[in-house]
There are 2 protein chains.
Amino acid sequence: MKILNNPPHITEAESEVMKLLWQKEPLTAIEIISKLKDQMDWSDQTIKTFLNRLHKKKAIRFEKSGRNYLYYPLVTYDEYVKAANRSFLDRMYNGAVGMLFAKFLEEEKLSESEIDQLQQLLEKKKKGGS
Amino acid sequence: MKILNNPPHITEAESEVMKLLWQKEPLTAIEIISKLKDQMDWSDQTIKTFLNRLHKKKAIRFEKSGRNYLYYPLVTYDEYVKAANRSFLDRMYNGAVGMLFAKFLEEEKLSESEIDQLQQLLEKKKKGGS
DNA sequence: ACTCAACGTTTACGGCCGTAAACAATTAGA
DNA sequence: TCTAATTGTTTACGGCCGTAAACGTTGAGT
């Protein structure tokens, strides 16, 4: 019995709206619009479009409380990241996580402490590995 | 003095053409078209379009040798993967490799041997870290 | 010299995405 | 009750992408 369907696809611009909602929920339209207007240099109309599209694809919902509309995310950050990761992993590495790690390790410089952290994560994974 | 510009953006469909060329170079148009026709169920025209677009964006080049056209990649697989990785890393994790690793480790199951392999890679990185 | 096949080039078209204007509805306050 | 502000909805438009038809060129063989 499958309950959770795949989260809807959230585009990069739309994700800016979601990021706000993942930080604090709910937000009013004014809050969302004014913040993104600054940060992203978007017009109000543009932001309204994204809110509308996100609503249509059921990534957010809103309630009206008097004159204010309150926005809530319906897709969690984790669902979003997970879906994006999966899709990238499949596209680029045919699902082979090992390959992905190897490539990133080869390309990106990691500080010693980052490496230590990863080693600890791997150790934990080895034991409790869920 | 900058010599290498960023590689052009190669879309998913286009990458199917590139994959062939990364396996064996050069290839003739017939080879490319007939292979993708089967594998991808694309029409000849579609494949020609991709060849053309890839050429326009300088991801491939071709030579005419008599009646045959020979295709060569201009973008290497490594450049392609590297650019895609960078772009994904920036988009999703703001460039923080550590975060990316943590998320993938959390989500994907790794076999014990894969974990061992990664640990070795990390060890090597720690010492010789290029 | 002419024709057919092998290729490249141009044009097209619907869908998604970033961007935004214009229109509609509703409600708090004058 | 009228108005202005707040917010949602509809429509638009150019660019990229997947998909493909139509057209043009050139060279090998007749």
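Just so it is clear: chains get the letters A, B, ... in the order the sequence lines come, proteins before strands, and each one is counted from 1.
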What is the distance, to the nearest angstrom, from the [atom1] atom on [X] to the [atom2] atom on [N]?
| X | N | atom1 | atom2 | value |
| --- | --- | --- | --- | --- |
| B:Asp44 | C:dT9 | CG | P | 17 Å |
| A:Phe62 | D:dT6 | CZ | C1' | 13 Å |
| A:Asn52 | C:dA24 | CG | C1' | 13 Å |
| B:Lys48 | C:dA12 | NZ | P | 18 Å |
| A:Leu51 | D:dT7 | CG | C1' | 10 Å |
| B:Leu70 | C:dA6 | CG | C1' | 13 Å |

Do the side chains of [X] and [Y] get close enough for a salt bridge, i.e. N-O under 4.0 angstrom?
| X | Y | answer |
| --- | --- | --- |
| B:Asp41 | B:Lys37 | no |
| A:Glu123 | A:Lys125 | no |
| B:Glu14 | B:Arg53 | no |
| A:Arg86 | A:Asp90 | yes |
| A:Glu106 | A:Lys103 | yes |

Distance alone, cut at 3.5 Å: any donor-acceptor contact between the side chains of B:Tyr80 and B:Asn85? no
Tell me every residue that passes ring-ring contact (aromatic ring centres under 6.0 Å, His included) with A:Phe104, counting only those two or more places apart in sequence or in another chain. none
Drop me the distance from B:Leu118's CG to B:Leu105's CG, to the nearest 0.5 angstrom. 7.5 Å
Partners meeting side-chain contact (heavy atoms from CB on, under 4.5 Å) with B:Phe62 (sequence neighbours left out): B:His55, B:Tyr69, B:Tyr71
Short of 4.0 Å, heavy atom to strand atom, which residues of residues 20-31 of chain B count as contacting DNA chain D? none
Readout for nucleotides 15-21 of chain C: B = base within 4.0 Å of protein heavy atom, S = sugar-phosphate only, - = neither; 5' to 3' it is --SBBBB
Identify the two heavy atoms, one from B:Ile47 and one from B:Ile33, that lie closest to each other, and give their separation to 0.1 Å. CD1-O, 3.5 Å
Which part of the nucleic acid does A:Asn68 contact within heavy-atom distance under 4.0 Å: base, sugar-phosphate only, or nothing? sugar-phosphate
Check nucleotides 24-30 of chain D for protein N or O atoms closer than 3.5 Å to its own N or O atoms and list the pairs.
from	atom 1	to	atom 2	distance (Å)
D:dA28	O4'	B:Arg67	NH2	2.8

With sequence neighbours left out, the residues meeting salt bridge (charged side-chain N to carboxylate O under 4.0 Å, His left out) with A:Glu114 are none
